[in-house]
Amino acid sequence: MSAPSYNFAYLDEQTKRMIRRAILKAIAVPGYQVPFASREMPMPYGWGTGGVQITASIIGPKDVLKVIDQGSDDTTNAVSIRAFFAKVASVAVTTRTREADIIQTRHRIPETPLAEGQIIVFQVPIPEPLRFLEPRETETRLMHALEDYGPMHIKLYEDIARHGHIATTYAYPVRVAGRYLMDPSPTPKFDNPKMHISPALQLFGAGREKRIYAIPPNTEVVSLDFEDHPFEVQRFDRTCALCGAAGVYLDEVLTDDKGARMFVCSDTDHCECRQAAPRLAEGA
Amino acid sequence: MTPRNTPLLVAQGVTKYYGERLACRDVSFAIHPGEVIAVVGESGSGKTTLLALLSQRLKLSAGSVSYRQNGDLRDLDGLTEAERRRLQRTDWGFVHQDPREGLRMNVSAGANVGERLMATGWRHYGRIRNAAREWLTRVEIDETRIDDAPLSFSGGMRQRLQMAKNLVTHPRLVFMDEPTGGLDVSVQARLLDLIRALVADLGLAAIIVTHDLAVARLLSHRILVMKNGEVIEAGLTDRVLDDPREAYTQLLVSSVLAA
C-alpha cells in the first residue's frame, strides 16, 4: 500500500486557501454570501458538503471537533462526518460542547452557550433568503446590493394571514449587523436569539449553491417581524422527560405504535450532562 | 380637469433602437398632473416600447425623459438604481396587460396590495391589512377574498387587483399597457368605468397604451397616434378622433365601427 492519496483534512492546500479567502471575506462583510469554488466531496449534496469544506479548511491537528445533526451527536450524518474527520485529519472528536473547538451542525445551536474562541459551522441547503420571492440570482443579488428587503415581509404577512401568527419555525430570516438579510440555514427559530451577540464565530457553508457566509463574534442579529406581531421563539409547555430541563428545544419521540410519545432534549449532549450531574445542572 | 402649467413628465426626442432596428423615434410630449394621454396605433407601431422607455424599464438610445419631484424637473437618466426602484414603486404605477406579470400569483390578494407598503417600510400588520381591505373594496373586490391568491381570481378581478396593488401608495402617474386587453366586453366596460372613476377621484395622471379607440375616447384627454415607431399625429382626443388629419389616422378611425 502506498501512502494515502489525500492531504490532511482531505482537501488539498490550494483548495483550503481558496476557501479560507472566501471565509475571510465573509467575516469582513457579515451576512454577505461569498461565492466560492465548491468541490466535489465524498458524500452527496444535502449531506453537508458545504459545512465539511469549511471545517476541512479551518481545522488543525490539535483541534477538537464536535458534529451534531438536529442537536444530536449520534445520528447517521453526525457520526459519519465525525468519523470522516477522525480518519482524514486524525483529530480528536468529542460530543461535549464545552470541549469542542469546532462544532459542525445541521442545524441546531447547542443549548450550552458557546464561548469565545469556538467556531460553529452550519450546513446550508439554500443560502438565499429571497429565493422564494425571486427565482433570478441576478435580481436577488441586486436586491441585496440595494438593501431592497421590503418584499421579504410578504412571507411573514402570508403566515399571519393564514395562521394568525408568524408560522415560520425554521430558516427564519434575520438582518445581520443592520445590513444583509440572511437565511440562518434551517435552524429552528428557537436558536435565532443565540446568534445575536454570540461570542463564537459562526460560519455557513452551502456546497451545492457554492456560497459561504458568516456572522463574526459579537455581531447584531435581528429576526424580522411586524410591530404588532413581534418575533417569538417556540415555547414548550413541558420539560424534558429524561433530564427535566425547561426552556430548551424538545424533540417529540414516538415510543410505540399506540400513540405513546415523550418529549426529550434535542441537544443530546446537554441532556446527558444534566443526567450525569442532576444537582449541578439544577443549580446552573 | 384643467392641466396646470407645470408638466409632470416631459419626454424629449425619445428614441430606441433594438440593434439596427428602429422601435421608437424622436417622441416628444409633456403630461401634466391629472391628465390622461392615450397612445394608439396598430400592433408593432412602438406603443409598448414607448411606455417601457417612459417608465424607465428600458434604456433610451437617445433623447431624455424628465420627471417632476419635489418641484424640480429631473432627467431620469441620472437616477441611481435604488432611486429608480423607489420611484417605480411609490410615485408611479404600472398596469400590465397580463396581470400575471404585475401580480404575485401564489400569494394572497392582501399581500399583493400590501407589497408596496411593506417595501416602503410599513411594519404594522394590522395597518397593512386595513389598507389592503380598503383598496380591495375600492376596486370592487369582495373583502372576504383578501386571503385568496389571484390564481383563483377571474381575469377581470386580477386586473382590478393589479390596479389596487399599484394605487395603494397613491402614485401620481400610472402607466397602463392595454389594461382591458384580453377581457370580455362587459368586463371591459366595468373596468373602464372603474379606471375613469379612480383617475378622476385621485387626480392621477395616466399614460394608456391601447389599440382600442373606444378606450382612448372614454379615458383620455389627449391622444398620440403612432405608426412605425413615430408619433404621426397628436392632439385632443375628440379632435383627433372626430377630425383626423393624417391619412393613417383617418384609416384607423374609419376602420372602427362607431368609435
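- Taking the side chain to side chain donor-acceptor pair (under 3.5 Å) definition, one finds that Asp184(B) meets it with Ser186(B), sequence neighbours left out.
- Among pairs with a residue in residues 119-141 of chain A, those fulfilling ring pair (Phe, Tyr, Trp, His ring centres under 6.0 Å) read Phe122(A)-Phe204(A), at least two apart in sequence or across chains.
- Contacts of Leu146(A) with chain B are made by side-chain atoms alone, with heavy-atom separations under 4.5 Å and no backbone atom involved.
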To see if you've got the definition right, give the donor-acceptor pairs under 3.5 angstrom between chain B and chain A.
{"unit_1": "Arg85(B)", "atom_1": "NH1", "unit_2": "Glu139(A)", "atom_2": "OE2", "d": "3.1"}
{"unit_1": "Arg85(B)", "atom_1": "NH1", "unit_2": "Asp148(A)", "atom_2": "OD2", "d": "3.0"}
{"unit_1": "Arg85(B)", "atom_1": "NH2", "unit_2": "Glu139(A)", "atom_2": "OE1", "d": "3.3"}
{"unit_1": "Arg85(B)", "atom_1": "NH2", "unit_2": "Glu139(A)", "atom_2": "OE2", "d": "2.9"}
{"unit_1": "Arg89(B)", "atom_1": "NH1", "unit_2": "Asp148(A)", "atom_2": "OD1", "d": "2.9"}
{"unit_1": "Arg89(B)", "atom_1": "NH2", "unit_2": "Asp148(A)", "atom_2": "OD1", "d": "3.4"}
{"unit_1": "Arg89(B)", "atom_1": "NH2", "unit_2": "Asp148(A)", "atom_2": "OD2", "d": "3.2"}
{"unit_1": "Arg104(B)", "atom_1": "NH1", "unit_2": "Leu133(A)", "atom_2": "O", "d": "3.1"}
{"unit_1": "Ser108(B)", "atom_1": "N", "unit_2": "Glu158(A)", "atom_2": "OE1", "d": "3.0"}
{"unit_1": "Ser108(B)", "atom_1": "N", "unit_2": "Glu158(A)", "atom_2": "OE2", "d": "3.2"}
{"unit_1": "Ser108(B)", "atom_1": "OG", "unit_2": "Glu158(A)", "atom_2": "OE2", "d": "2.4"}
{"unit_1": "Arg123(B)", "atom_1": "O", "unit_2": "Glu227(A)", "atom_2": "N", "d": "2.6"}
{"unit_1": "Arg123(B)", "atom_1": "NE", "unit_2": "His153(A)", "atom_2": "NE2", "d": "3.4"}
{"unit_1": "His124(B)", "atom_1": "ND1", "unit_2": "Asp228(A)", "atom_2": "OD2", "d": "3.2"}
{"unit_1": "Tyr125(B)", "atom_1": "N", "unit_2": "Asp228(A)", "atom_2": "OD1", "d": "2.7"}
{"unit_1": "Tyr125(B)", "atom_1": "N", "unit_2": "Asp228(A)", "atom_2": "OD2", "d": "3.3"}
{"unit_1": "Tyr125(B)", "atom_1": "OH", "unit_2": "Ala161(A)", "atom_2": "N", "d": "3.4"}
{"unit_1": "Gly126(B)", "atom_1": "N", "unit_2": "Asp228(A)", "atom_2": "OD2", "d": "2.7"}
{"unit_1": "Arg129(B)", "atom_1": "NH1", "unit_2": "Tyr157(A)", "atom_2": "OH", "d": "3.1"}

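- When heavy atoms are compared at a cutoff of 4.5 Å, Leu224(A) does not approach chain B at all.
- Within 6.0 Å of CG on Leu76(B) lie more than 12 heavy atoms contributed by other residues, nucleotides or ligands.
- Partners of Tyr18(B) under the side chain to side chain donor-acceptor pair (under 3.5 Å) rule, at least two apart in sequence or in another chain, are Thr49(B).
- Heavy atoms closer than 4.5 Å to chain A are found nowhere in Leu117(B), neither backbone nor side chain.
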